[in-house]
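Some notes on the structure that comes next.
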Amino acid sequence: MTSIIKVTPLLGALDTGTAVCYLLKVDQYTLLLDCGLDVTKLSEFTARIMQHTNHINAVLVSFPDVDHIGALPYLYGTLGLDCQIYGTVPVYNMGQMFLYDYYQSKNSSEDFNIFTLDHVDNVFDHFQQMKYSQTLTICPGISITPYAAGHMIGGTMWKIMKDDEEDIVYAVDFNHKKERHLNGALFNNIIRPSLLITDAYNATFEYKKRRKRDQELISTILETVRQDGNVIIVVDTAGRVLELMQLLEQLWRNAESGLSAYSLALLNHVGYNVVDFAKNMLEWMSDTVTKQFEEQRSYPFHFKHLNLCHSLQELEKIPSPYVLLTSMADLSCGFARNLLAVSAETKENCIIVTQRTKPDTLASKLLSNAINNTIDITIGKRVPLEGKELEEHLNSIAKKQQEVEKMEVEEEGEESDEEQEDDQALVQRHDVPIPEETHNKKSFFKQHKVYPMFPFHEEKIKWDEYGEFIKHEHFRIDEEPMKEEEMETEKVKPVTTAPAAPTEIPTKCVTSRIKTQVNCKVKFIDFEGRSDGESIKRILAAVLKPRQMVIVHGTPDSSRHLAEFCRDSKDMGVSQIFVPGIGETVDATSERHIYQVKLKDALVTAAKFSRANDAELAWIDAVIDVQLNADKEQVAMLEPLTNKPSHVPVFINEPRLSNLRQTLIKNGIQAEFNGGVLVCNNKVAIRRNASGTIQIEGTVCDDYYKIRTLLYSMYAII
């Protein structure tokens, strides 16, 4: 049964951005494919996704970087999204590192309020980890399977199956080439999908060969450090940095390279954790890494030369000249931005950018400007509050504390009033007989003595969302009585007060705009780890060959270029190619004349269903009424007709004569085949004609009507 499939890009379509986010709707189920963060488009993104937040059933994550999961803390912490997230084990581990580093880098330089670390933890509480080729049913009739995509550790291409008929493949930012720490993407299980959602980010881009690229990096490093200059390599937090760490560690271990005399360092907020996670995920890496561990029992990420730093103060202890890996890749924030303002004016230094970014980022501006040009850099840092600002801050905290205490006192007052009422009720109870004189009411009948229960006071247990309140006196240990000598010495001792516990120093962000003269060398050496344009075209034409395509994540030129190539390719045989813009919904249903409608309750209750195999069928006479739902979308409703016209009964099913014979025998009718004709009690003959229709012939008798009834029972008649 064909499903209705719709795709809506929310981020990353016909633009120059790197963040991606797409909605995939399969019948009544909605899946969110990745959810990257673009701070410059946050308000527009919020307006678009708020319309679908209540309908999203699951989130599929392809890669752990900010461009693919950066907005999830905002969705779960602020917009109220609450559904399961699916991704591989490395995406779960490294995704936390990306978001922690991004938050700390942003928060240290500006008042960052898009999400908090608690929101990040909330996201990964909803995370379900998967392995490659593991199939999991996430909604009725919908199953997902992740396959290796390369590019980053744990990178995924998703195969989404609907009722084992419609197979949808979501594959963006993949890399088919094998690298030092990763194998290439595998396409064996996603050939000829019904619908392929892929990107055109590199459709017009050509890479240098790996040997030339590595040689350019080595020669640049040697040339810089021999002139006593520092090399700053701008990378991401926990993705592509692993490839560069492997390459540089191998160079430093090679005595012939001449680099062992210089320093090598990694600077970001989560460097130790990134390396530790990489050590424990060798099974997700390349065959070369696995073989090295199995044969030599050596950890590929046990570095001898790489120094891990978490602050600029730790970096100052590293002797110069050095080669430094630091984040963020687009220089939007973090240590890389701060170091640029200091290092750019020294002509012996060199800054290497390893990834392409949006045109409005500092990294893009740095690459577009020639040497000896001036660029403006906005640097932010946190400073402690002083004077009047500190006093106002403390006053606001004290006022909030007073309000909290006032609310607690009011709650305790209400509880004490309830306890007093209980105590008053207990005062009237006695454990002695109540004399008759105490009874105010007179009764005609003789009164007997009343013996109430012994007094019992049940203490009310106070509790909150964390459990029962703890009474400290229950856990207090009685001290041993002091001797007379100790008591005398205790009296002599002066009374000292314990120092107050240090509280967090309130800070504020201070920004300064610096004009920096770029005298250092600036180079772009590609370490993105994506398939280039020529490779993408070959994979699409010779391997995947999708029936339909939705092209996303690319500039208008690259998207149109890839669409024209696929239309002109004779080997692909693609029927339809969609190139939607942001917020534009495309209908990628395989069958063109299928529409989704809703039935009124009155129509459903009046319908008479007949079972045919695993389905139930009914004939309805209705009229279509198009209405607007709560999301202001047009929905077709079927309303019953008042005057129902008559119709010829429809027989659905094609029973076999052999099955009919068994049914007849079970009901006491003798049935035998004679020349392809089923003869029943020598009175009725049943045969199938050339068109496949079953014919029944015989004399009019009780057997005829009984046999005809049994034959009708094998059909669904509507």
Side-chain angles (χ1 to χ4, degrees), residues 20 24 33-34 60-65 68 86-95 129-136 143-161 164 166-203 207 210 239-240 242-243 246 278 281-294 300 528-547 549-553 562 566 571-572 574:
V20 297
L24 172 65
L33 307 178
D34 289 324
L60 307 185
V61 177
S62 303
F63 298 96
D65 59 339
H68 293 83
Y86 298 91
T88 58
V89 177
V91 170
Y92 172 81
N93 293 327
M94 295 306 191
Q129 304 173 50
M130 298 181 66
K131 296 181 179 180
Y132 286 145
S133 302
Q134 174 188 354
T135 301
L136 189 66
S143 61
I144 58 173
T145 308
Y147 294 102
H151 182 50
M152 291 184 187
I153 185 169
T156 306
M157 297 182 295
W158 290 101
K159 183 177 182 180
I160 305 160
M161 292 290 296
D164 296 330
E166 300 281 349
D167 53 334
I168 305 165
V169 173
Y170 173 64
V172 296
D173 296 330
F174 57 81
N175 184 18
H176 70 290
K177 293 183 179 179
K178 183 178 178 181
E179 298 184 283
R180 286 177 178 83
H181 80 294
L182 287 179
N183 290 323
L186 299 175
F187 303 100
N188 300 334
N189 297 302
I190 56 175
I191 297 174
R192 197 63 177 166
S194 302
L195 175 65
L196 172 65
I197 305 172
T198 190
D199 68 312
Y201 189 74
N202 281 352
Y207 290 141
R210 174 176 165 178
R240 297 303 305 165
L242 299 180
E243 179 74 9
Q246 279 285 91
M281 294 189 294
L282 299 183
E283 69 272 17
W284 295 86
M285 297 187 184
S286 65
D287 298 335
T288 305
V289 171
T290 307
K291 188 180 295 184
Q292 179 183 350
F293 174 73
E294 292 175 350
E528 288 182 351
R530 295 185 178 96
S531 297
D532 61 350
E534 189 65 29
S535 301
I536 291 173
K537 295 171 185 175
R538 290 179 181 177
I539 291 169
L540 290 175
V543 180
L544 294 179
K545 297 181 179 180
R547 294 182 176 88
M549 284 182 65
V550 177
I551 298 176
V552 294
H553 191 205
L562 184 61
C566 295
D571 299 330
M572 289 185 62
V574 60

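In this text, all values refer to a predicted model and were calculated from it rather than measured experimentally. All heavy atoms count here, side chains included; hydrogens, waters and symmetry mates do not.
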Return the minimal non-hydrogen interatomic distance between [X] and [Y], and the atom names on each side.
X: A171; Y: T198; answer: O-OG1, 3.0 Å
X: Q246; Y: P300; answer: OE1-O, 2.8 Å
X: C566; Y: V574; answer: O-CG1, 3.7 Å
X: I536; Y: S531; answer: CD1-O, 3.6 Å
X: M549; Y: M572; answer: SD-CE, 3.7 Å
X: G155; Y: Y132; answer: O-OH, 2.7 Å

Let me confirm one number: the [atom1]-[atom2] distance from [X] to [Y], rounded to the nearest 0.5 Å.
X: L242; Y: M94; atom1: CG; atom2: CE; result: 5.0 Å
X: L282; Y: K291; atom1: CG; atom2: NZ; result: 15.0 Å
X: E283; Y: T290; atom1: CD; atom2: OG1; result: 8.0 Å
X: L196; Y: L540; atom1: CG; atom2: CG; result: 6.5 Å

Take L136 and S143, measure what side chain to side chain contact (heavy atoms under 4.5 Å, CB included) needs, and give me the verdict at the end. CA-CA 5 Å; L136 189 66; S143 61; over 6 Å; no
Taking it one step at a time, do I190 and L544 satisfy side chain to side chain contact (heavy atoms under 4.5 Å, CB included)? CA-CA 7 Å; I190 56 175; L544 294 179; 3.8 Å; yes
Do [X] and [Y] have side chains that get closer than 4.5 Å, going by heavy atoms?
X: M157; Y: P146; answer: no
X: L24; Y: I160; answer: yes
X: V169; Y: W158; answer: no
X: D199; Y: D173; answer: yes
X: D65; Y: M152; answer: yes
X: V289; Y: D287; answer: no

Walk me through whether I197 and L33 qualify under side chain to side chain contact (heavy atoms under 4.5 Å, CB included). CA-CA 10 Å; I197 305 172; L33 307 178; 4.0 Å; yes
Sidechain-backbone polar pair: [X] side chain, [Y] backbone, donor-acceptor under 3.5 Å:
X: D571; Y: A542; answer: no
X: R180; Y: E243; answer: no
X: R530; Y: F174; answer: no
X: N175; Y: G150; answer: no
X: T156; Y: G154; answer: yes
X: K159; Y: N189; answer: yes
X: H151; Y: G529; answer: yes
X: R547; Y: L195; answer: no

Run the salt bridge (charged side-chain N to carboxylate O under 4.0 Å, His left out) check on E179 and R240 step by step: do they pass? CA-CA 11 Å; E179 298 184 283; R240 297 303 305 165; 2.5 Å; yes
Any luck finding a side-chain donor-acceptor pair between S535 and D532 under 3.5 Å? yes
Under 3.5 Å, is there a donor-acceptor pair linking the side chains of H68 and S62?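 Absent: no donor and acceptor within the cut-off.
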When you look at I191 and K545, which way does the side chain to side chain contact (heavy atoms under 4.5 Å, CB included) test go after all the steps? CA-CA 7 Å; I191 297 174; K545 297 181 179 180; 5.7 Å; no
Could you go step by step and tell me if S286 and N183 meet the side chain to side chain donor-acceptor pair (under 3.5 Å) rule? CA-CA 5 Å; S286 65; N183 290 323; 4.8 Å; no
Just do the side chain to side chain donor-acceptor pair (under 3.5 Å) check on Y86 and Q129 with the steps written out, would you? CA-CA 6 Å; Y86 298 91; Q129 304 173 50; over 6 Å; no
Are more than 12 heavy atoms from other residues, nucleotides or ligands located less than 6.0 Å from atom CZ of R192? yes
Between Y147 and F187, is the ring centre distance below 6.0 Å? no
Could you give me the CA-CA distance, side-chain angles and deciding distance for T135 and T145, then say whether side chain to side chain donor-acceptor pair (under 3.5 Å) is met? CA-CA 5 Å; T135 301; T145 308; 3.0 Å; yes
Taking the inter-plane angle between the rings of Y201 and H553 on a 0 to 90° scale, is it parallel (under 30°), tilted (30 to 60°) or perpendicular (over 60°)? parallel
